[in-house]
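Note sheet for the following structure.
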Amino acid sequence: LNFDSNTLSIDASNNRVGIGTATPTTLLTIDQDDASKVNYIAIADSASNRLVIGSDSSGTNHAFIQMANDYDLSILDDAGNSIMYFDEANKRVGIGTATPDGELNIESASSSCNVLIDCYDAEEGDTGNLYFRKSHNNTSATLTATPTNTIHGSIVWQGVRSSSPAFVDSAKISVKQEESAGSSYVAGDIQFHTADADEALTQRMVINREGNVGIGETAPAKALEITS
């Protein structure tokens, strides 16, 4: 059966239903005969408040889930708890939390909270990598040489203080550029910071761009310098 030129079609021999197509390939197929148009399902309570699930073959060739009217999007478990949350206004993603504090916030109340990078490859040199990349430009995808004193990235550990409970830094590893960028490479020092209960983060050790190590010394000129 076919209604209104493929608005709705029923393939009785294969028990399939098509919307926008006369040849459904699954139990329910939503398609456009015109490849320049976008295929989507909209779940809405008005023209502006809606969830859209679709695919676009008009040049971008991608599938998408979209919330209209600045709405956030949640993926919930069977108890209604947020597994993944998309904060549209702040452009943030939360995994295990509906109130992400950063661009990506992973939260777990279980005995462990792990982030894994698995790589399966028979080549010895192929492995999982985590990159921190910095360009000296406010425009996304625009590359500008980074100047001296640029912090390329940090790994920060935090605990909760006893007074006015809040997360505070307890240790940090940073990479800092201590000279101008070269034509082929960029120099970097690895700085190690720790804190104690009465003192904020302080740099304790550095491995500089020449491979010198300083303990209690921020600018080692020898292979190893220790200052108490």
Side-chain angles (χ1 to χ4, degrees), residues 84 87 90-97 99-228:
M84 183 174 287
D87 179 347
N90 296 302
K91 302 297 185 287
R92 295 174 175 176
V93 176
I95 298 177
T97 175
T99 55
D101 290 328
E103 279 69 24
L104 174 62
N105 190 170
I106 302 173
E107 183 176 305
S108 174
S110 64
S111 58
S112 63
C113 183
N114 302 310
V115 178
L116 307 178
I117 300 176
D118 292 337
C119 183
Y120 301 91
D121 196 298
E123 295 295 329
E124 290 80 1
D126 293 342
T127 185
N129 298 292
L130 180 63
Y131 287 90
F132 296 79
R133 305 199 296 185
K134 177 70 182 290
S135 173
H136 194 64
N137 199 296
N138 292 328
T139 303
S140 179
T142 301
L143 302 183
T144 302
T146 46
T148 303
N149 295 323
T150 296
I151 301 296
H152 291 175
S154 301
I155 300 175
V156 182
W157 290 263
Q158 294 186 322
V160 178
R161 66 189 182 195
S162 59
S163 177
S164 302
F167 283 115
V168 292
D169 297 347
S170 60
K172 178 173 71 171
I173 299 175
S174 298
V175 173
K176 184 179 181 181
Q177 181 179 329
E178 291 285 9
E179 61 182 26
S180 300
S183 59
S184 299
Y185 301 101
V186 177
D189 293 5
I190 304 177
Q191 302 174 339
F192 299 82
H193 304 74
T194 62
D196 62 31
D198 300 312
E199 183 182 28
L201 283 178
T202 300
Q203 182 175 317
R204 311 294 185 180
M205 186 175 79
V206 62
I207 304 174
N208 72 11
R209 56 201 175 280
E210 297 170 343
N212 297 333
V213 177
I215 300 176
E217 172 61 53
T218 59
K222 300 177 182 179
L224 175 62
E225 288 195 34
I226 301 175
T227 301
S228 60

Residues that K222 engages under salt bridge (Lys or Arg N to Asp or Glu O under 4.0 Å), provided they are two or more places apart:
none
So I215 and E225, side-chain contact (heavy atoms from CB on, under 4.5 Å) or not? Walk me through it.
CA-CA 6 Å; I215 300 176; E225 288 195 34; over 6 Å; no
If we ignore hydrogens and angles and just use 3.5 Å, is the side chain of T146 paired with the main-chain N or O of H136 as donor and acceptor?
no
Using modelled atom types only, decide if a donor and an acceptor are shared between the side chain of T142 and the backbone of N137 within a distance under 3.5 Å.
no
Heavy-atom pair of closest approach, residues A200 and A195:
C-CB, 3.7 Å
Backbone N or O of T127 within a donor-acceptor pair of the N129 side chain at under 3.5 Å?
yes
To the nearest 0.5 Å, what is the distance between NZ on K172 and CD on Q191?
8.0 Å
How many angstroms lie between CG in D126 and SG in C119, if you round to the nearest 0.5 Å?
6.0 Å
Looking only at non-hydrogen atoms, find the nearest pair between R209 and A187 and report the distance.
CD-CB, 3.7 Å
How many angstroms lie between atom CZ of R204 and atom OG1 of T218, to the nearest 0.5 angstrom?
13.0 Å
Checking T97 side chain against T99 main chain: does a donor-acceptor pair fall under 3.5 Å?
yes
Lys/Arg-Asp/Glu bridge criterion (N-O < 4.0 Å) met for K91, E103:
no
The reported gap from CE in M205 to NE2 in H193 (rounded to nearest 0.5 angstrom) is 11.5 Å
So, taking the atom named OG in S174 and the one named CD1 in I155, what distance separates them when rounded to the nearest 0.5 Å?
9.0 Å
side-chain contact (heavy atoms from CB on, under 4.5 Å) evaluation trace for T144 with T139
CA-CA 10 Å; T144 302; T139 303; over 6 Å; no
Does any N or O in the side chain of N208 come within less than 3.5 Å of the main-chain N or O of N212, such that one atom is a donor and the other an acceptor?
yes
When you look at E178 and N149, which way does the side-chain contact (heavy atoms from CB on, under 4.5 Å) test go after all the steps?
CA-CA 5 Å; E178 291 285 9; N149 295 323; 3.7 Å; yes
Could you go through residues 160-170 and list every donor-acceptor pair under 3.5 Å that involves a side-chain atom there, pairing it with any protein atom two or more places apart or in another chain?
unit_1, atom_1, unit_2, atom_2, d
R161, NE, S163, O, 3.0
R161, NE, S164, O, 3.0
R161, NH2, S164, O, 3.4
D169, OD1, Q158, NE2, 2.8
S170, OG, W157, O, 3.2

Does a salt bridge link D189 with K176, judged by any charged N lying under 4.0 Å from a carboxylate O?
no
Indicate yes or no: at least one non-hydrogen side-chain atom of I190 is less than 4.5 angstrom from one of V206.
no
At their closest point, which heavy atom of T148 faces which heavy atom of E179, and how far apart are they?
OG1-C, 3.1 Å
Heavy-atom donor-acceptor pair, R92 side chain to P100 backbone, under 3.5 Å
yes
Can a donor-acceptor pair be found, under 3.5 Å and without considering hydrogens, that links the side chain of D87 to the backbone of V93?
no
If you round to the nearest 0.5 Å, how far is CD of E107 from SG of C113?
8.5 Å
Keeping E123 on the side-chain end and G125 on the backbone end, is there a donor-acceptor pair under 3.5 Å?
no
Closest approach of G128 and I117, non-hydrogen atoms and distance?
CA-CG2, 3.7 Å
More than 12 heavy atoms of other residues, nucleotides or ligands under 6.0 Å from CG of N138: is that the case?
no
